[in-house]
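See structure below.
Because the structure is predicted, anything quoted here is derived from the model rather than measured.
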Amino acid sequence: MNTARHASERLMSWPSLTAGRTPCGAELGLRTATQEIVHFHGEHEAEVHLTRAMIARLRPALLTSSALRLRAGSGWVTVRLDMGSDIDLLATLVSAALQATGAPYPADDLAPDHCTRTGSPFVCS
């Protein structure tokens with residue numbers, strides 16, 4: 001089962017998101033009018049741009065999920081999509097990311113923040 005496809009179909013029905021290509025080369029990304037929110041790598045993985053500030057606030061909760069991977073200094077969270085509950089988790093994180101896009105960015109969130117597929121390996125800290 002291609003859980004990324006199921007997740008993307010669910011999220012594409014949200015009126016605040018539009019589909020398109022991504023800077024990192026992922027086939028499908030969903031964005032608001034101003035920024036990319038989520039994109040999909042392969043059949044079982046998505047990345048959500050929560051912002052560094054939101055990740056800092058949510059870090060204790062994020063670290064409890066085995067479906068999530070964080071990379072130090074990144075505003076992106078990788079979600080492993082193995083089952084339906086992972087799609088629900090992704091939808092919750094996308095909702096949080098949409099809320100974050102409406103908030104003013106702290107200065108450290110203005111720096112370029114690229115997909116976790118570039119740069120150093122994932123770490124949970």
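The two residues His39 and Thr22 make their nearest non-hydrogen contact at CB-CG2, 3.5 Å. Annotation for Phe40 and Ala7: closest pair CE2-CB, 4.0 Å, computed over non-hydrogen atoms. Nearest heavy-atom pair across Ile55 and Ser74 is CD1-O, 3.4 Å. Leu28 approaches Ser8 most closely through the heavy-atom pair CD2-CB, 3.4 Å. What you find for Ala4 and Gly42 is that their closest heavy atoms are CB-O, 3.5 Å.
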Could you please spell out the steps behind the side-chain contact (heavy atoms from CB on, under 4.5 Å) verdict for Leu62 and Leu93? CA-CA 10 Å; Leu62 296 173; Leu93 293 176; 3.9 Å; yes
Test side-chain contact (heavy atoms from CB on, under 4.5 Å) on Glu45 and Leu81 and set out the steps. CA-CA 5 Å; Glu45 191 174 273; Leu81 301 169; 6.0 Å; no
side-chain contact (heavy atoms from CB on, under 4.5 Å) for Leu11 and Ile37? Distances and angles first, verdict last. CA-CA 11 Å; Leu11 294 171; Ile37 298 294; over 6 Å; no
Let me see the working for Ile87 and His6 under side-chain contact (heavy atoms from CB on, under 4.5 Å), right down to the final yes or no. CA-CA 8 Å; Ile87 295 172; His6 290 289; 3.9 Å; yes
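Contact check for Leu68 versus Leu63: no side-chain heavy atoms found under the 4.5 Å cut-off. Residues Thr78 and Val48 have side chains not in contact (no heavy-atom distance under 4.5 Å, counting atoms from C-beta outward). Side chains of Leu98 and Leu17 form a contact here, defined as non-hydrogen atoms less than 4.5 Å apart. Using a 4.5 Å heavy-atom threshold, the side chains of Thr3 and Met83 count as separate. Within the 4.5 Å cutoff, no side-chain heavy atoms of Arg52 are placed close to those of Trp76. Between Arg80 and Ser66 there is no side-chain heavy-atom pair separated by less than 4.5 Å.
A distance of 10.5 Å separates CG in Asp86 from NE2 in His44, rounded to the nearest 0.5 Å. Between atom OG of residue Ser16 and atom CZ of residue Arg31 there is a gap of 12.5 Å, rounded to the nearest 0.5 Å. Taken to the nearest 0.5 Å, the CD atom of Gln99 stands 10.5 Å off from the CG atom of Leu50.
Between Gln35 and His49, the side chains place a donor N or O and an acceptor N or O closer than 3.5 Å (distance only, hydrogens not considered).
Checked by atom type and distance alone, the side chain of Ser13 pairs as donor or acceptor with a backbone atom of Arg10 at under 3.5 Å. Thr92 places a side-chain N or O within 3.5 Å of a backbone atom of Asp88 that can act as its donor or acceptor partner.
More than 12 heavy atoms of other residues, nucleotides or ligands sit less than 6.0 Å from atom CD of Glu9.
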